[in-house]
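Okay, so here's the structure we're looking at.
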2 protein chains.
Amino acid sequence: MESNNSTGSQPSRAKLRAAKRRAVLEAGARLFNDQGFEQTSLEEIAAAVSVTKRTLYYYVDSKEDILFGCHTLGLEFLGEIMDQSQDPSLPVTERIALLIRGYCAWVSTDLGATIAMVREHSLSHLRRTELRASKAEVDFQLRSLISQGIDEGVLRPCDPRLVTAAVFGALNWIPHWNRVEVPVPHGAIAEQYLQLVFEGMLPPSAR
Amino acid sequence: MESNNSTGSQPSRAKLRAAKRRAVLEAGARLFNDQGFEQTSLEEIAAAVSVTKRTLYYYVDSKEDILFGCHTLGLEFLGEIMDQSQDPSLPVTERIALLIRGYCAWVSTDLGATIAMVREHSLSHLRRTELRASKAEVDFQLRSLISQGIDEGVLRPCDPRLVTAAVFGALNWIPHWNRVEVPVPHGAIAEQYLQLVFEGMLPPSAR
DNA sequence: GAATGATGTAACCGGTGAGTGTAATTACGG
DNA sequence: CCGTAATTACACTCACCGGTTACATCATTC
């Protein structure tokens, strides 16, 4: 009944369905990022995946569902990145670098950028809360790493909360200026940001 | 005809009118920042300044006019800040600090935050271009200061474009997390950001 | 106290877009 | 080859909202 090739190459209907749903989410993400959530109609999303609006409702429940789907799917990927930076065998600074590089790459994707580009009020109260919790987790992780670095003496004493805000601000802003025909590669951005965050702009001689 | 007390304390009609228009703009800015531009109806703005929608039209031409008015008025204030940081008698680092502090304070106001919070697609093409030009000016100023600092040897070699993007990203993100009941004072944010940008997180010992 | 400025009342028009119901059609799996 | 999943066509409801106008009224100023 539940079909055989659950791991096979022949995509079962369920798999195809999931893939199509994801295509919808990604098309939605791109359009939301480009034009904003409320400025994007379901017809546009439907056109982007070459189906009719009615068919969209075969894969999603509502427009909001698309946005929220973008977030959940996006956060899934971000979760993997966060896991990497949690390896306790790595030095704190390296873990911070890992997190920043990963987040930078992630926020450069359509799905990742959605969280930085689409305001929360487009979501219902419940989902907004849920989303905020996820964001807080990521925030907390960097903050913890910084605190730990300070404790270990490998980082200068500072306010981890504000520094975290600064770092994520810089990162979240990337899609706002780098969604152009020839974007700056996210690797280059990450390295430059890392240098800034760790060493600042002043030359070693100045202190 | 043109009335007397142009500088007097009795507000002439023109002055009152300007003040009320500004009240409209500021109410609009607050609502736009909180709920988004398209989610805000003219009725809400009208209610915020305790008039009817009809009266709004006495002071503005359209909804878009309100948004654009926020931007122009906001940019006016920002212009003053930018002027201060252009004093060539000051050392480059001091001018950068001035710019960051000023921008930080500015983006913490309703009018200033609008530029960081409201996406551009809410504006007509023409005005969007105009706004982008203004933003580019500010961007250019910081970038120039950084370039100059590198040339003078007071700053470490780096990509001024990316560093500028990082700094403004961090600054523009402030209203996204600090619009709460008890916000972090913008002065504290600025100092923390300045320290980060200039000296980084690594202690002097680490280099 | 007349003229003009300022504001309120109360509609109307036009457009838009989310979401639904239905029936018909095509593709595919067992 | 039958049944079900997938999809279309399409019309239609429902609600909202922005822009605008016509008219009346209150307030200020000269």
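Lettering of chains follows the sequences in order, A, B, ..., and the numbering in each one begins at 1. For the numbers below, each heavy atom of this structure counts, side chains included, while hydrogens, waters and symmetry mates do not.
In this entry the distance linking OH of B/Y58 with P of C/dT9 reads 17 Å, nearest Å. The separation between A/F37 atom CZ and C/dT16 atom C1' is 15 Å, rounded to whole Å. We find that CG of A/L56 is positioned 16 Å from C1' of D/dA9, with the value rounded to whole Å. In this structure, B/R21 places its CZ atom 18 Å from C1' of C/dT7, rounding to the nearest Å. Rounded to an integer number of Å, the gap from NZ of A/K63 to C1' of C/dT16 is 11 Å. Atom C1' of nucleotide C/dG17 and atom CD1 of A/I66 are separated by 13 Å, given to the nearest angstrom.
Interface residues of residues 38-48 of chain B facing DNA chain D, ordered by number: B/T40, B/S41, B/L42; criterion, heavy-atom separation under 4.0 Å.
Using a 4.0 Å cut-off, some side-chain N or O of A/T52 falls inside it from OP1 or OP2 of D/dT8. Side-chain nitrogen and oxygen atoms of B/R17 include at least one within less than 4.0 Å of the OP1 or OP2 phosphate oxygen of C/dA6. Taking 4.0 angstrom as the limit, B/Y57 places a side-chain polar atom (N or O) nearer than this to OP1 or OP2 of D/dG19.
Cation-pi geometry between A/R127 and A/F68 is met: the NZ or CZ atom falls under 6.0 Å from the ring centre, inside 45° of the normal.
Side-chain N/O atoms of A/Q141 and A/S85 include a donor and acceptor closer than 3.5 Å. Between the side chains of B/S144 and B/S147, not a single donor N or O lies within less than 3.5 Å of an accepting N or O.
Each of C/dG8, D/dG19, C/dG19 was ranked by its minimum atom distance to the side chain of B/T55; first place goes to C/dG8. Distances were taken from every side-chain heavy atom of A/R54 (C-beta onward) to each of C/dT22, C/dG19, D/dT21; the shortest belongs to C/dT22.
A/T109 contributes no side-chain N or O that, together with a main-chain N or O of A/A105, makes up a donor-acceptor pair within less than 3.5 Å.
In this structure the side chain of B/H176 reaches within 4.5 angstrom of the side chain of A/R119, judged on heavy atoms.
By the side-chain hydrogen bond (donor to acceptor under 3.5 Å, both in side chains) test, A/E43 pairs with no residue at all, sequence neighbours left out.
When all heavy atoms are compared, the tightest approach of B/E64 to B/S122 is CG-O, 4.1 Å.
Remark: the B/K53 side chain and the D/dG19 base include a donor-acceptor N/O pair separated by less than 3.5 Å.
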